[in-house]
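Single-structure report; data block below.
When a ligand or atom number is given, it counts from 1 through the structure's own listing order. These numbers come from the heavy atoms of this one structure, side chains and all, not from hydrogens, waters or symmetry mates.
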Amino acid sequence: MIKIAVTGAAGRMGGRIITAIKEAQGMELAGACERPGHEMIGQDAGLIAGCGESGVAICGSLEEALKSADVLIDFTFPEVTLANLKVCADLGKTIVIGSTGFTPEQRKEAERYAAKIPVVLAPNMSVGVNACFKLLKEAAQILGDGFDVEIVELHHNKKKDSPSGTAVRMGEVVAEALGRDYNQVANYHREGMCGERTKEEIGMQTVRGGDIVGEHTVYFIGMGERIEISHRAMSRDMFARGAVRAAGWLAGKPAGMYDMQDVLGLK
Ligand SMILES: NC(=O)C1=CN([C@@H]2O[C@H](COP(=O)(O)OP(=O)(O)OC[C@H]3O[C@@H](n4cnc5c(N)ncnc54)[C@H](O)[C@@H]3O)[C@@H](O)[C@H]2O)C=CC1
Ligand SMILES: O=C(O)C1=N[C@H](C(=O)O)C[C@H](O)C1
């Protein structure tokens, strides 16, 4: 039985993850944590998630939530996740990280903790998006420099980071396949007389509104033809199922930084 603690337990993803744990064979909710002072502290995590009583109360202490857990699932925010990584490394617990919006420096700090414990960090835990990552690499290798690349992502009006972690990863995959450095060629902003588009740049556009769960399209725009690779999420449940699958996959793995391509055997 894999015993899982969930932090961000009252969040949009936290509730779906708790439900996915209940539905998964061989998995058990062992702890639930929220930010200190959160109004849901003391409430039953399953009831808050809408999947029935779990017998696990949401607490405000990560150490408390981890007491009888093997692994933590963390869908919060970068600064929170980095603090959680330190606790997990100190306690020898594995961790699945879904949080996005890491700066390059924060990502490097996470890598340092992964020297001590096995970590899955992925901006998107769905099978569909991870299949898209493979398709994008192939498409970029075939199409080469003859096609301008633009990425558009759409999310709900409560999302705090931009562009999405998924869109950034899509850009990194395409840039790498084309022999470019994403951080050098990503163009997040076009306004006023910004001049003609360069061949190397990858345009990154963001749309926020309503309850959009998460939509991504990569356009390969040529002269006289265009290829579009899209993914549309209609539910958060496939992200949650992916996170729970990653939690089980981590059991027995050596310390290191892994992603969903490792979990899904796509490397
Ligand atoms: N990797 C993936 O497949 C996916 C990643 N995400 C990412 O997951 C993150 C969370 O997304 P949502 O659930 O929509 O956000 P949310 O805001 O609904 O949930 C975050 C939760 O974390 C809690 N929190 C904040 N500080 C905390 C602390 N110190 N300790 C414990 N809990 C704390 C908040 O109170 C909130 O309940 C975002 O970065 C988002 O981009 C979202 C969906 C899929
Ligand atoms: O904030 C969200 O909701 C999501 N965030 C992730 C991202 O930033 O890529 C994954 C998914 O698109 C939903």
Would you mind checking which non-hydrogen protein atom is closest to [atom], with the distance to 0.1 Å?
atom: atom 5 (N) of ligand 2; result: Lys159 NZ, 3.1 Å
atom: atom 12 (O) of ligand 2; result: His155 NE2, 2.6 Å
atom: atom 36 (C) of ligand 1; result: Glu34 OE2, 3.6 Å
atom: atom 43 (C) of ligand 1; result: Met13 CG, 3.5 Å
atom: atom 9 (O) of ligand 2; result: Thr166 OG1, 2.6 Å
atom: atom 7 (C) of ligand 2; result: Gly165 N, 3.4 Å
atom: atom 9 (C) of ligand 1; result: Thr76 O, 3.2 Å
atom: atom 3 (O) of ligand 1; result: Met125 N, 2.8 Å

Can you confirm, on distance only, whether ligand 1 has an N/O atom lying under 3.5 Å from any N/O atom belonging to [X]?
X: Phe77; value: no
X: Ser126; value: no
X: Gly98; value: yes
X: His156; value: no
X: Val80; value: no
X: Pro123; value: yes
X: Gly11; value: yes

Between [Y] and [X], does any NZ, NE, NH1 or NH2 come within less than 4.0 Å of an OD or OE carboxylate oxygen?
X: Arg208; Y: Glu153; answer: yes
X: Glu111; Y: Arg107; answer: yes
X: Glu64; Y: Lys67; answer: yes
X: Arg12; Y: Asp211; answer: no
X: Glu150; Y: Arg197; answer: yes
X: Arg169; Y: Glu172; answer: yes

Could you establish whether His216 and ligand 2 come within less than 4.0 Å of each other, counting only heavy atoms on the residue side? yes
Does Val213 come within less than 4.0 angstrom of ligand 2, counting non-hydrogen atoms of the residue? yes
Name the option, out of Arg12, Lys160, Lys158, Glu79, that contains the heavy atom nearest to atom 16 (P) of ligand 1. Arg12
Filtering Leu121, Thr100, Thr166 for the heavy atom nearest atom 41 (O) of ligand 1 leaves Thr100
Is Pro123 touching ligand 2 with its side chain, its backbone, both, or neither, if touching means heavy atoms under 4.0 Å apart? backbone
Considering only heavy atoms, does His156 approach ligand 2 within less than 4.0 Å through its side chain, its backbone, both, or neither? side chain
Relative to ligand 1, is [X] under 4.0 angstrom through side chain, backbone, both or neither, heavy atoms considered?
X: His38; value: side chain
X: Lys159; value: side chain
X: Ala243; value: neither
X: Ser164; value: neither

Number the atoms of ligand 1 from 1 as they appear, then name those within less than 4.0 Å of a heavy atom of Gly8, with their elements. 21 (C), 22 (O), 23 (C), 31 (C), 32 (N)
Please list, chain by chain and in numerical order, all residues satisfying side chain to side chain donor-acceptor pair (under 3.5 Å) with Thr19, sequence neighbours excluded. none
Just to check, does Gly165 reach to within less than 4.0 Å of ligand 1 when the distance is taken from its heavy atoms? no
Please determine whether any non-hydrogen atom of Ser99 lies less than 4.0 Å from an atom of ligand 1. yes
Applying a strict under-4.5 Å side-chain criterion to I, L, V, M, F, W and Y, I'd like to know whether Leu62 and Leu121 cluster together. yes
Same cluster or not: Phe239 versus Ile212, using hydrophobic residues (I, L, V, M, F, W, Y) connected whenever any side-chain heavy atoms lie under 4.5 Å apart? no
Atom SG in Cys51, atom CD1 in Ile17: separation rounded to 0.5 Å? 12.0 Å
Strictly distance-based, threshold 3.5 Å: is any side-chain N or O of Asp70 a donor or acceptor partner for the main-chain N or O of Ile2? no
Any non-hydrogen side-chain atom of Phe220 less than 4.5 Å from a side-chain atom of Leu136? yes
4.5 Å side-chain heavy-atom contact, Val127 and Arg241: no
List every atom of ligand 2 that sits less than 4.0 Å from any heavy atom of Thr100, numbering the atoms from 1 in the order shown and giving each element. 7 (C), 8 (O)
Suppose I only count heavy atoms of Ser164 and a 4.0 Å limit; which atoms of ligand 2 are within that range? 7 (C), 8 (O), 9 (O)
Residues, nucleotides or ligands: over 12 heavy atoms within 6.0 Å of Arg226 CZ: no
Sequence neighbours excluded, the answer for side-chain contact (heavy atoms from CB on, under 4.5 Å) partners of Leu135 is Ile229
Do Thr7 and Asp74 meet the criterion of a side-chain donor-acceptor pair at a distance under 3.5 Å? no
